Amino acid sequence: MDGTFVPGTARESDATSAAAAADDLKNPECYDVAVIGGGVVGHGIAWAVRRSGRSVALIDDAPGTGASWAAAGMLAPVSELHYQEEALLELMLESSRLWPAFAAGLDGAGGGTGGSRTGYLTTPTLAVGVDAADRRALADLRTAQQAAGLSVEPLTVRAARRREPLLSPGISCAFDIPADHQVDPRLLLARIRELLRTDSRSTTIARRAGGLFWEQGRVAGASLIGGGSIRAKDTIVANGLGAATLEGLPAGLEFPLRPVHGDILRLRVPAKLRPLLTATVRGLVRGVPVYIVPRQDGTVVIGATQREDALGDDNPDAATQAGVPGRAVSAGGVYQLLRDAQQLVPAVAELELLEATARARPGTPDNAPLLGRVAARGRPGEIAGLMIATGFFRHGILLTPAAARICCELLDGTVDSRWKHFRPDRFATGSQTSRPAAAGARRPSPKIITHPNTHPEENKEAV
């Protein structure tokens with residue numbers, strides 16, 4: 001045994017080899033990289049892989065419909081500072097630094113000229129509070145932000161309302177955060193999909209990956225639900241909560257992912273109120289966070305609640321792919337968002353409600369992503385052909401350029417020690433066993449490993 005993966009019986013091994021031979025006839029091409037998962041992170045990685053000169057296959061039966069579809073797209077390393085997350089802050093700041101070039105590359109690719117096709121905007125963010133307790137909380141947070149070298153400047157309420165005239169005159173405080181920007185995740189996904197679709201060396205496989213495909217002790221691609229496989233020199237697992245349901249995971253490797261649900265609203269601003277806002281407003285309303293993000297198309301996004309319940313589990317129509325819950329919208333969440341948003345911007349009451357959406361984001365015990373290669377169990381080195389990029393929780397959109405950069409560097413054999421904190425095997429145990437997934441093999445019931453809250457600021461989205 002080499003510590004990576006061993007078939008259980010000769011019959012299983014023979015079945016896998018026979019299936020592989022049949023798959024070779026169906027999929028004769030071996031890609032340089034297979035990316036499992038078609039959210040923003042998976043798409044961003046696939047795009048970066050193509051720009052590096054490699055061929056890529058993106059595997060997802062419903063790309064762009066998971067957590068990325070519901071995301072507001074705030075690029076907010078400063079506002080998202082949480083206590084005891086210094087390593088994560090460094091990654092967020094690095095990714096924020098990468099965003100301008102990442103967006104420009106997408107806008108200019110394929111002969112594109114002028115305007116943003118991704119909705120990337122560098123407008124600043126305003127943080128506001130409603131009552132005296134909110135003012136103290138935001139002032140305390142600013143102290144922590146300044147200690148981390150971040151720029152947050154207080155504004156008078158009058159100055160804040162000069163910038164955003166529809167802000168409530170009853171707010172207690174305001175802070176300017178120039179480094180926190182935004183992107184439109186739906187436009188971003190559409191742009192990357194367009195570029196991948198027109199690239200001769202990229203392919204989108206509209207199937208769901210059932211597991212990792214192994215060959216001669218290394219990961220050699222992905223098996224597909226219903227039969228078949230995709231061969232690749234390197235396989236990157238980037239399918240969020242679905243990563244925990246894949247067969248053929250290396251022995252000892254755990255994905256301690258928990259679904260953290262969020263309700264989010266989209267509303268249309270009538271012509272008489274446009275622009276409702278010119279920049280993102282993040283608020284505390286009697287201790288409860290809420291944000292309002294304006295879009296260039298005359299809509300706004302209001303979010304987001306954060307809950308770890310099982311709402312919708314008993315309703316098959318509310319289930320997501322791969323059995324992961326998270327699409328049932330909470331009536332209480334909708335009420336809370338509208339109520340609190342009106343405390344910040346009273347004119348919200350006059351908007352047209354277009355959409356209420358809920359999705360589950362993949363959280364980890366330390367709220368940090370699982371990102372990088374995986375150590376081989378029982379022997380030195382790492383498992384060949386495998387990389388993980390999941391568990392991004394509330395930071396998936398922000399961290400997409402960094403995740404893409406890190407994955408491409410690892411493909412080149414470059415290891416940046418700054419990101420060792422995010423190794424995907426940091427929660428590995430010796431209790432898990434793994435078996436190969438033959439193409440089309442029956443999978444066990446999906447299981448999401450749930451851990452108790454280990455972070456003191458869990459469920460408190462800092463503003």
Side-chain angles (χ1 to χ4, degrees), residues 4-9 11-27 29-31 33-39 41-42 45-46 56-66 203-251 253-255 257 259 319-325 360 362 370 374 383 385-391 424 432-449:
T4 57
F5 169 80
V6 178
T9 67
R11 178 174 297 178
E12 289 171 344
S13 180
D14 291 344
T16 302
S17 298
D23 294 340
D24 283 341
L25 297 177
K26 300 175 187 177
N27 303 298
E29 181 176 3
C30 178
Y31 296 89
V33 179
V35 179
I36 300 175
V41 172
I45 292 171
V56 64
L58 181 70
I59 306 170
D60 197 307
D61 61 334
T65 62
T203 302
T204 297
I205 310 295
R207 300 276 301 281
R208 189 186 307 167
L212 301 178
F213 188 88
W214 292 75
E215 191 172 66
Q216 298 180 353
R218 63 170 289 141
V219 175
S223 62
L224 304 175
I225 295 293
S229 67
I230 300 299
R231 299 300 191 91
K233 298 174 184 175
D234 279 278
T235 301
I236 301 175
V237 175
N239 58 334
L241 289 164
T245 72
L246 292 174
E247 286 191 340
L249 294 175
L253 180 64
E254 279 191 357
F255 292 129
L257 302 171
T320 65
Q321 291 97 17
V324 177
L370 309 174
V374 178
I383 295 172
L386 177 63
M387 204 180 302
I388 310 297
T390 187
Q432 179 178 328
T433 58
S434 177
R435 302 173 75 86
R442 181 177 178 83
R443 301 165 68 225
S445 299
K447 179 179 72 173
I448 302 298
I449 302 170

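Since this is a predicted model, take the numbers as computed values, not measurements.
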Measure across [X] and [Y] and return the closest heavy-atom pair with its distance rounded to 0.1 Å.
X: Ala62; Y: Thr65; value: O-OG1, 2.8 Å
X: Leu58; Y: Gly37; value: CD1-O, 3.2 Å
X: Ala389; Y: Ile45; value: CB-CD1, 3.8 Å
X: Pro424; Y: Val374; value: CG-CG2, 3.9 Å
X: Leu241; Y: Ala360; value: CD1-CB, 3.7 Å
X: Ala57; Y: Ile230; value: CB-CG2, 4.1 Å

Starting at [atom1] of [X], measure out to [atom2] of [Y] and round the result to the nearest 0.5 Å.
X: Ile225; Y: Thr245; atom1: CD1; atom2: OG1; value: 8.0 Å
X: Thr235; Y: Ile388; atom1: OG1; atom2: CD1; value: 9.5 Å
X: Ile59; Y: Ser223; atom1: CD1; atom2: OG; value: 9.0 Å
X: Leu246; Y: Arg208; atom1: CG; atom2: CZ; value: 10.5 Å

(request) Using atom types as modelled and distance alone, determine if a side-chain donor or acceptor of Arg207 lies under 3.5 Å from a backbone N or O of Ser229. (result)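 Judged by distance alone, no pair lies under 3.5 Å.
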
(message) Using modelled atom types and a 3.5 Å cut-off, is there a donor and acceptor pairing between side-chain atoms of Arg231 and backbone atoms of Phe213?
(response)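 Checked: no pair found.
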
(message) Going by side-chain contact (heavy atoms from CB on, under 4.5 Å), name the residues that satisfy it together with Ala243, two or more places apart in sequence or in a different chain.
(response)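 Per chain and number, Ala243 pairs via side-chain contact (heavy atoms from CB on, under 4.5 Å) with Val237, Asn239, Phe255, Leu257, Thr390.
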
(message) The criterion is side-chain contact (heavy atoms from CB on, under 4.5 Å); which residues satisfy it with Thr203, sequence neighbours excluded?
(response)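 In terms of side-chain contact (heavy atoms from CB on, under 4.5 Å), with neighbours along the sequence ignored, Thr203 is linked to Tyr31, Ile205.
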
